[in-house]
Amino acid sequence: MRAGLEPAVTGAVVASVTVFDERSLRRHDGPSEDFIDRLTGATLEGAVRRGKFLWLPLADTDVVGSRGTGVTQSLAGLPHPSVRLPHPSVHLPHPSVHLPHPSAHEAVVLHLGMSGQVLLRDRRTDDALTRIRLELDHPVLGPLRLNFVDQRIFGSMSIDALVPSGDDRAAGLGSDSRLIPAQVAHIARDPLDPAFDDRHFLARLAGKNTTIKRAMLDQTLVSGIGNIYADEALWAARIHYDQPTTTLSRPRAKALLVEVRAVLSRALGEGGTSFDAQYVNVNGASGYFSHSLNAYGRQGAACPRCGRPIVRDQFMNRGAHYCPYCQRVR
DNA sequence: AGCGAGCCCTGCGCGC
DNA sequence: TGCGCGCAGGGCTCGC
(Lines give C-alpha, C1' and ligand atoms only; values in the text may rest on other atoms or scores of the structure.)
Protein backbone atom coordinates (compact mmCIF):
# COMPACT_ATOMS: atom_id res chain seq x y z
CA MET A 1 0.00 0.00 0.00
CA ARG A 2 2.82 2.38 0.81
CA ALA A 3 4.57 1.69 -2.47
CA GLY A 4 1.32 2.15 -4.34
CA LEU A 5 0.39 5.37 -2.59
CA GLU A 6 3.75 7.11 -2.74
CA PRO A 7 3.70 8.19 -6.40
CA ALA A 8 0.04 9.23 -6.19
CA VAL A 9 0.20 11.32 -3.03
CA THR A 10 3.65 12.91 -3.18
CA GLY A 11 3.13 16.56 -4.07
CA ALA A 12 -0.65 16.16 -4.22
CA VAL A 13 -2.96 18.78 -2.76
CA VAL A 14 -6.04 17.67 -0.84
CA ALA A 15 -8.85 19.39 -2.69
CA SER A 16 -11.63 18.11 -0.45
CA VAL A 17 -12.36 15.69 2.37
CA THR A 18 -15.56 13.76 3.00
CA VAL A 19 -16.17 11.84 6.22
CA PHE A 20 -18.97 9.33 5.68
CA ASP A 21 -18.51 7.62 9.03
CA GLU A 22 -16.98 9.38 12.03
CA ARG A 23 -16.13 6.05 13.63
CA SER A 24 -13.20 5.81 11.25
CA LEU A 25 -11.75 8.88 13.01
CA ARG A 26 -11.62 7.12 16.37
CA ARG A 27 -7.93 7.82 16.69
CA HIS A 28 -8.25 11.44 15.62
CA ASP A 29 -8.15 13.81 18.56
CA GLY A 30 -11.02 16.07 17.62
CA PRO A 31 -14.30 16.18 15.75
CA SER A 32 -14.58 15.39 12.05
CA GLU A 33 -14.80 19.12 11.27
CA ASP A 34 -11.32 19.50 12.70
CA PHE A 35 -10.02 16.63 10.58
CA ILE A 36 -11.60 18.12 7.47
CA ASP A 37 -10.44 21.69 8.13
CA ARG A 38 -6.85 20.75 8.81
CA LEU A 39 -6.58 18.43 5.82
CA THR A 40 -8.37 20.44 3.18
CA GLY A 41 -5.86 22.41 1.13
CA ALA A 42 -2.88 20.59 2.59
CA THR A 43 -0.05 19.25 0.44
CA LEU A 44 1.00 15.65 1.01
CA GLU A 45 4.75 15.07 1.08
CA GLY A 46 4.97 11.31 0.70
CA ALA A 47 4.03 7.97 2.19
CA VAL A 48 5.94 6.52 5.14
CA ARG A 49 5.43 3.21 6.93
CA ARG A 50 6.46 1.62 10.19
CA GLY A 51 5.03 -1.82 10.78
CA LYS A 52 1.34 -1.70 10.07
CA PHE A 53 1.05 2.08 10.43
CA LEU A 54 1.26 4.38 7.43
CA TRP A 55 1.47 8.16 7.47
CA LEU A 56 1.40 10.93 4.91
CA PRO A 57 3.36 13.97 6.16
CA LEU A 58 1.64 17.28 5.51
CA ALA A 59 3.69 20.17 4.18
CA ASP A 60 3.80 23.03 6.63
CA THR A 61 1.59 25.84 5.47
CA ASP A 62 1.90 28.28 8.34
CA VAL A 63 5.66 28.52 8.50
CA VAL A 64 6.87 31.55 6.56
CA GLY A 65 9.29 30.63 3.82
CA SER A 66 8.70 26.91 4.11
CA ARG A 67 6.89 26.62 0.82
CA GLY A 68 8.71 26.16 -2.44
CA THR A 69 12.17 26.31 -1.00
CA GLY A 70 14.86 23.85 -1.71
CA VAL A 71 13.97 20.25 -2.22
CA THR A 72 13.05 18.91 -5.60
CA GLN A 73 11.61 15.45 -5.49
CA SER A 74 11.91 13.45 -8.67
CA LEU A 75 8.88 11.49 -9.68
CA ALA A 76 10.72 9.86 -12.57
CA GLY A 77 9.75 6.28 -13.05
CA LEU A 78 6.08 6.81 -12.38
CA PRO A 79 4.06 4.81 -12.01
CA HIS A 80 5.35 2.18 -9.61
CA PRO A 81 5.71 -1.10 -11.51
CA SER A 82 2.92 -2.77 -9.58
CA VAL A 83 0.65 0.26 -9.68
CA ARG A 84 -1.74 1.30 -12.36
CA LEU A 85 -2.94 4.79 -11.72
CA PRO A 86 -6.22 6.07 -13.05
CA HIS A 87 -4.53 8.33 -15.58
CA PRO A 88 -1.96 6.26 -17.42
CA SER A 89 -2.23 8.56 -20.42
CA VAL A 90 -0.54 11.33 -18.49
CA HIS A 91 3.03 10.98 -19.62
CA LEU A 92 5.74 13.51 -18.99
CA PRO A 93 9.39 12.64 -19.47
CA HIS A 94 11.12 12.75 -16.10
CA PRO A 95 8.44 14.73 -14.33
CA SER A 96 9.40 16.48 -11.17
CA VAL A 97 7.54 18.30 -8.48
CA HIS A 98 8.85 21.11 -6.34
CA LEU A 99 8.02 20.28 -2.75
CA PRO A 100 8.08 22.44 0.31
CA HIS A 101 10.97 21.92 2.63
CA PRO A 102 10.44 18.56 4.35
CA SER A 103 9.76 20.00 7.76
CA ALA A 104 6.24 18.72 8.20
CA HIS A 105 5.03 18.75 11.75
CA GLU A 106 1.79 16.90 11.13
CA ALA A 107 0.78 13.83 9.18
CA VAL A 108 -2.29 11.90 8.16
CA VAL A 109 -1.98 8.55 9.93
CA LEU A 110 -3.66 5.42 8.59
CA HIS A 111 -4.11 1.96 10.00
CA LEU A 112 -6.10 -0.68 8.13
CA GLY A 113 -7.03 -2.72 11.18
CA MET A 114 -8.55 -6.00 10.08
CA SER A 115 -10.53 -4.95 7.05
CA GLY A 116 -9.28 -1.57 5.84
CA GLN A 117 -8.40 -0.72 2.25
CA VAL A 118 -7.02 2.34 0.54
CA LEU A 119 -8.17 2.58 -3.05
CA LEU A 120 -6.92 5.06 -5.63
CA ARG A 121 -9.65 5.89 -8.08
CA ASP A 122 -10.71 8.44 -10.63
CA ARG A 123 -13.12 11.12 -9.49
CA ARG A 124 -16.17 9.16 -10.64
CA THR A 125 -15.53 5.84 -8.91
CA ASP A 126 -17.33 4.91 -5.72
CA ASP A 127 -16.49 1.96 -3.48
CA ALA A 128 -18.91 0.29 -1.10
CA LEU A 129 -18.17 0.89 2.58
CA THR A 130 -16.06 3.98 1.91
CA ARG A 131 -15.75 5.70 5.30
CA ILE A 132 -13.54 8.64 4.33
CA ARG A 133 -12.76 10.11 0.94
CA LEU A 134 -10.00 12.49 -0.13
CA GLU A 135 -10.09 14.22 -3.49
CA LEU A 136 -6.52 14.89 -4.56
CA ASP A 137 -5.02 17.17 -7.18
CA HIS A 138 -1.71 15.73 -8.26
CA PRO A 139 0.68 18.01 -10.20
CA VAL A 140 1.42 15.30 -12.77
CA LEU A 141 -1.37 12.75 -12.50
CA GLY A 142 -4.16 15.27 -12.20
CA PRO A 143 -7.34 14.68 -10.21
CA LEU A 144 -7.46 11.53 -8.09
CA ARG A 145 -9.73 10.08 -5.46
CA LEU A 146 -8.53 8.23 -2.38
CA ASN A 147 -11.22 6.04 -0.83
CA PHE A 148 -10.59 4.73 2.68
CA VAL A 149 -12.76 1.64 2.82
CA ASP A 150 -13.26 -0.36 6.02
CA GLN A 151 -15.90 -2.98 6.63
CA ARG A 152 -15.33 -3.57 10.34
CA ILE A 153 -14.09 -0.08 11.23
CA PHE A 154 -11.16 -1.37 13.25
CA GLY A 155 -8.94 0.76 11.03
CA SER A 156 -8.69 4.53 11.23
CA MET A 157 -7.46 7.78 9.79
CA SER A 158 -6.32 10.70 11.89
CA ILE A 159 -4.15 13.79 11.85
CA ASP A 160 -1.37 13.60 14.35
CA ALA A 161 1.63 15.65 15.42
CA LEU A 162 5.06 14.51 14.23
CA VAL A 163 7.52 14.14 17.09
CA PRO A 164 11.20 13.18 17.23
CA SER A 165 11.58 9.41 16.98
CA GLY A 166 14.35 9.26 19.55
CA ASP A 167 17.34 8.23 17.48
CA ASP A 168 19.12 9.62 14.44
CA ARG A 169 17.72 7.12 11.98
CA ALA A 170 14.82 7.55 9.59
CA ALA A 171 11.59 7.01 11.50
CA GLY A 172 10.02 4.77 8.86
CA LEU A 173 10.34 3.36 5.38
CA GLY A 174 9.79 5.88 2.61
CA SER A 175 11.35 9.01 4.07
CA ASP A 176 14.61 10.19 5.60
CA SER A 177 12.74 12.16 8.25
CA ARG A 178 13.35 11.26 11.88
CA LEU A 179 9.89 12.46 12.88
CA ILE A 180 7.12 10.02 13.70
CA PRO A 181 3.42 10.49 14.50
CA ALA A 182 2.92 10.64 18.27
CA GLN A 183 0.50 7.71 18.21
CA VAL A 184 3.08 5.57 16.39
CA ALA A 185 6.06 6.47 18.58
CA HIS A 186 5.65 3.40 20.80
CA ILE A 187 5.66 1.01 17.81
CA ALA A 188 8.94 -0.82 17.28
CA ARG A 189 10.68 -0.88 13.93
CA ASP A 190 9.81 -3.79 11.70
CA PRO A 191 12.42 -6.38 10.69
CA LEU A 192 12.65 -5.06 7.11
CA ASP A 193 13.58 -1.58 8.36
CA PRO A 194 17.29 -1.00 7.63
CA ALA A 195 17.56 0.56 11.10
CA PHE A 196 16.13 -2.53 12.81
CA ASP A 197 18.66 -3.52 15.47
CA ASP A 198 18.91 -7.33 15.60
CA ARG A 199 21.01 -7.41 18.75
CA HIS A 200 18.70 -5.03 20.55
CA PHE A 201 15.68 -7.10 19.55
CA LEU A 202 17.28 -10.40 20.60
CA ALA A 203 18.28 -8.94 23.94
CA ARG A 204 14.80 -7.60 24.63
CA LEU A 205 13.24 -10.89 23.53
CA ALA A 206 15.51 -12.86 25.85
CA GLY A 207 14.56 -10.59 28.71
CA LYS A 208 10.86 -11.21 28.33
CA ASN A 209 8.96 -13.66 30.49
CA THR A 210 6.39 -14.80 27.94
CA THR A 211 5.93 -17.17 25.01
CA ILE A 212 7.27 -16.66 21.54
CA LYS A 213 4.16 -16.01 19.48
CA ARG A 214 2.86 -13.53 22.02
CA ALA A 215 6.20 -11.74 21.78
CA MET A 216 6.12 -11.77 17.97
CA LEU A 217 2.71 -10.11 18.00
CA ASP A 218 3.84 -7.45 20.48
CA GLN A 219 4.18 -4.42 18.21
CA THR A 220 6.24 -2.57 20.80
CA LEU A 221 8.92 -5.27 20.56
CA VAL A 222 8.85 -5.89 16.82
CA SER A 223 6.26 -4.56 14.41
CA GLY A 224 4.67 -5.69 11.18
CA ILE A 225 4.03 -9.28 12.24
CA GLY A 226 0.39 -10.30 12.50
CA ASN A 227 -1.28 -13.63 13.07
CA ILE A 228 -0.59 -15.00 9.59
CA TYR A 229 3.07 -14.12 9.36
CA ALA A 230 3.73 -15.18 12.96
CA ASP A 231 2.39 -18.65 12.24
CA GLU A 232 4.25 -18.88 8.94
CA ALA A 233 7.60 -17.79 10.37
CA LEU A 234 7.21 -20.14 13.35
CA TRP A 235 6.42 -23.02 11.00
CA ALA A 236 9.47 -22.23 8.86
CA ALA A 237 11.70 -22.04 11.93
CA ARG A 238 10.13 -25.19 13.44
CA ILE A 239 9.28 -23.41 16.67
CA HIS A 240 6.12 -24.05 18.69
CA TYR A 241 3.98 -20.95 19.26
CA ASP A 242 3.97 -21.52 23.03
CA GLN A 243 7.75 -21.90 23.38
CA PRO A 244 8.82 -19.81 26.39
CA THR A 245 11.09 -16.96 25.36
CA THR A 246 13.25 -17.67 28.40
CA THR A 247 14.22 -21.08 27.01
CA LEU A 248 14.42 -20.13 23.34
CA SER A 249 18.11 -20.28 22.52
CA ARG A 250 19.77 -17.34 20.82
CA PRO A 251 20.56 -19.36 17.66
CA ARG A 252 16.92 -20.40 17.38
CA ALA A 253 15.77 -16.82 17.99
CA LYS A 254 18.13 -15.62 15.27
CA ALA A 255 16.86 -18.32 12.92
CA LEU A 256 13.30 -17.20 13.63
CA LEU A 257 14.21 -13.62 12.77
CA VAL A 258 15.63 -14.86 9.47
CA GLU A 259 12.35 -16.63 8.73
CA VAL A 260 10.31 -13.58 9.74
CA ARG A 261 12.23 -11.51 7.21
CA ALA A 262 11.84 -14.18 4.55
CA VAL A 263 8.09 -14.43 5.09
CA LEU A 264 7.56 -10.66 5.15
CA SER A 265 9.70 -10.17 2.03
CA ARG A 266 7.94 -12.88 0.09
CA ALA A 267 4.52 -11.66 1.18
CA LEU A 268 5.33 -8.08 0.12
CA GLY A 269 6.67 -9.39 -3.18
CA GLU A 270 3.40 -11.17 -3.81
CA GLY A 271 1.29 -8.21 -2.79
CA GLY A 272 0.21 -9.50 0.62
CA THR A 273 -2.20 -12.18 1.73
CA SER A 274 -5.70 -12.11 0.28
CA PHE A 275 -8.35 -14.64 1.13
CA ASP A 276 -11.03 -12.52 -0.48
CA ALA A 277 -11.59 -9.08 -1.94
CA GLN A 278 -10.92 -7.59 1.49
CA TYR A 279 -7.14 -7.46 1.13
CA VAL A 280 -6.17 -5.51 -1.93
CA ASN A 281 -3.60 -3.01 -3.12
CA VAL A 282 -4.40 0.57 -4.07
CA ASN A 283 -5.82 -0.64 -7.39
CA GLY A 284 -8.13 -3.14 -5.75
CA ALA A 285 -6.03 -6.13 -6.83
CA SER A 286 -5.56 -9.06 -4.47
CA GLY A 287 -2.22 -10.33 -3.29
CA TYR A 288 -1.10 -13.86 -3.98
CA PHE A 289 0.60 -14.84 -0.76
CA SER A 290 -2.36 -16.96 0.38
CA HIS A 291 -1.20 -19.53 -2.16
CA SER A 292 2.15 -19.70 -0.37
CA LEU A 293 0.88 -20.43 3.14
CA ASN A 294 2.28 -23.53 4.84
CA ALA A 295 0.46 -23.42 8.18
CA TYR A 296 -1.99 -20.52 8.52
CA GLY A 297 -5.55 -21.65 7.83
CA ARG A 298 -4.41 -25.12 6.82
CA GLN A 299 -5.69 -27.04 9.87
CA GLY A 300 -6.37 -30.64 8.87
CA ALA A 301 -4.24 -30.38 5.73
CA ALA A 302 -0.84 -32.01 5.40
CA CYS A 303 2.22 -30.23 6.70
CA PRO A 304 4.26 -29.49 3.56
CA ARG A 305 7.38 -30.70 5.37
CA CYS A 306 6.36 -33.93 7.10
CA GLY A 307 2.90 -34.71 5.75
CA ARG A 308 1.21 -34.86 9.14
CA PRO A 309 -1.86 -32.74 9.73
CA ILE A 310 -1.60 -29.09 10.67
CA VAL A 311 -3.42 -28.27 13.91
CA ARG A 312 -5.26 -25.12 14.94
CA ASP A 313 -5.25 -24.13 18.62
CA GLN A 314 -7.20 -21.33 20.23
CA PHE A 315 -4.62 -18.79 21.37
CA MET A 316 -5.01 -15.17 22.39
CA ASN A 317 -8.59 -15.26 21.13
CA ARG A 318 -7.22 -16.12 17.73
CA GLY A 319 -5.98 -19.21 15.95
CA ALA A 320 -2.49 -20.65 16.18
CA HIS A 321 -1.71 -22.94 13.25
CA TYR A 322 1.24 -25.29 13.52
CA CYS A 323 2.57 -28.76 12.91
CA PRO A 324 2.66 -30.66 16.22
CA TYR A 325 5.39 -32.92 14.86
CA CYS A 326 7.76 -30.33 13.34
CA GLN A 327 7.10 -27.65 15.95
CA ARG A 328 7.56 -28.81 19.52
CA VAL A 329 8.31 -26.96 22.72
CA ARG A 330 11.88 -27.72 23.71
C1' DA B 1 5.59 -7.42 33.90
C1' DG B 2 2.34 -10.02 31.87
C1' DC B 3 -2.04 -11.69 30.83
C1' DG B 4 -6.89 -12.48 29.95
C1' DA B 5 -11.10 -10.33 29.00
C1' DG B 6 -13.56 -7.04 26.71
C1' DC B 7 -14.26 -3.70 23.32
C1' DC B 8 -14.33 -1.38 18.94
C1' DC B 9 -17.49 -3.45 14.15
C1' DT B 10 -19.57 -5.91 9.80
C1' DG B 11 -20.26 -9.70 6.86
C1' DC B 12 -19.56 -14.27 5.59
C1' DG B 13 -19.98 -19.32 5.79
C1' DC B 14 -21.54 -23.06 8.08
C1' DG B 15 -24.60 -26.23 10.52
C1' DC B 16 -29.00 -27.03 11.95
C1' DT C 1 -34.79 -21.22 2.67
C1' DG C 2 -33.79 -19.07 6.96
C1' DC C 3 -31.68 -18.32 11.19
C1' DG C 4 -28.17 -18.16 14.71
C1' DC C 5 -23.63 -18.84 15.70
C1' DG C 6 -18.70 -18.68 15.20
C1' DC C 7 -15.18 -16.70 12.90
C1' DA C 8 -11.97 -13.19 10.65
C1' DG C 9 -5.86 -10.11 8.85
C1' DG C 10 -5.55 -5.63 14.92
C1' DG C 11 -4.84 -2.76 18.78
C1' DC C 12 -6.10 -0.62 22.89
C1' DT C 13 -7.67 -0.32 27.84
C1' DC C 14 -8.73 -2.26 32.12
C1' DG C 15 -8.27 -5.01 36.22
C1' DC C 16 -5.85 -8.58 38.44
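In the text below, chain A, chain B and the rest are named by the order of the sequence lines, each starting its count at 1.
At whole-Å resolution of the value, CG in A/Leu54 and C1' in C/dG10 are 16 Å apart. Between the P atom of C/dC7 and the CE atom of A/Met114 lies a distance of 13 Å, rounded to the nearest Å. With rounding to whole Å, A/Leu268 atom CG is found 18 Å from C/dG9 atom P. C/dG11 atom P lies 14 Å from atom CG of A/Leu110, rounded to whole Å. C/dC12 atom P lies 8 Å from atom CD of A/Gln183, rounded to whole Å. A straight line from CE of A/Met216 to P of C/dG11 spans 14 Å, rounded to a whole angstrom. The distance from atom CZ of A/Arg50 to atom C1' of C/dG11 is 17 Å, rounded to the nearest whole Å. Atoms CD (A/Gln299) and P (C/dG6) sit 17 Å apart, rounded to a whole Å.
Under a 4.0 Å N-O distance rule, the pair A/Lys208/A/Asp218 qualifies as a salt bridge. For the pair A/Asp176 and A/Arg169, the salt-bridge criterion is not met [side-chain N within less than 4.0 Å of a carboxylate O]. Ionic pairing of A/Glu270 and A/Arg266 is not present here: no N-O contact between side-chain nitrogen and carboxylate oxygen is shorter than 4.0 angstrom. With salt bridges taken as basic N to acidic carboxylate O contacts below 4.0 Å, one links A/Asp127 and A/Arg121.
Contact annotation: A/His111 reaches the phosphate of C/dG11 (side-chain N/O to OP1 or OP2, under 4.0 Å). Residue A/His186 places none of its side-chain N or O atoms closer than 4.0 Å to OP1 or OP2 of C/dG11. Here A/Tyr296 reaches the OP1 or OP2 of C/dG9: one of its side-chain N or O atoms lies under 4.0 Å away.
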Open item on the list: Once pairs are restricted to Watson-Crick or G-U wobble with both distances under 3.5 Å, how does DNA chain B read as a dot-bracket string, [ ] for crossings and | for other-strand pairs?
Closed with: .|||||||.|||||||
- [ ] Going 5' to 3' through nucleotides 1-11 of chain B, assign each nucleotide B (protein heavy atom under 4.0 Å from a base atom), S (under 4.0 Å only from sugar-phosphate atoms) or - (no protein heavy atom that close).
- [x] -SSS---BBBS
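Taking the P atoms as reference points, C/dG6 lies 16 Å from B/dA5, given to the whole Å. Using atom P as the reference point in both C/dG4 and B/dC9, the two lie 22 Å apart (nearest Å).
Pairs passing the salt bridge (Lys or Arg N to Asp or Glu O under 4.0 Å) check and including a residue from residues 315-330 of chain A, sequence neighbours excluded, do not occur. Residues in residues 196-207 of chain A take part in these salt bridge (Lys or Arg N to Asp or Glu O under 4.0 Å) pairs, two or more places apart or across chains: A/Asp198-A/Arg261. Among pairs with a residue in residues 183-196 of chain A, those fulfilling salt bridge (Lys or Arg N to Asp or Glu O under 4.0 Å) read A/Arg49-A/Asp190, A/Asp167-A/Arg189, A/Arg189-A/Asp193, at least two apart in sequence or across chains.
With contacts defined as side-chain heavy-atom distances shorter than 4.5 Å, the pair A/His111/A/Arg27 does not qualify.
Scanning atom types as modelled, no donor and acceptor separated by under 3.5 angstrom connect the side chain of A/Arg318 and the base of C/dG9.
Applying the ring-ring contact (aromatic ring centres under 6.0 Å, His included) test to A/Phe148 and every residue at least two apart in sequence or in another chain returns nothing.
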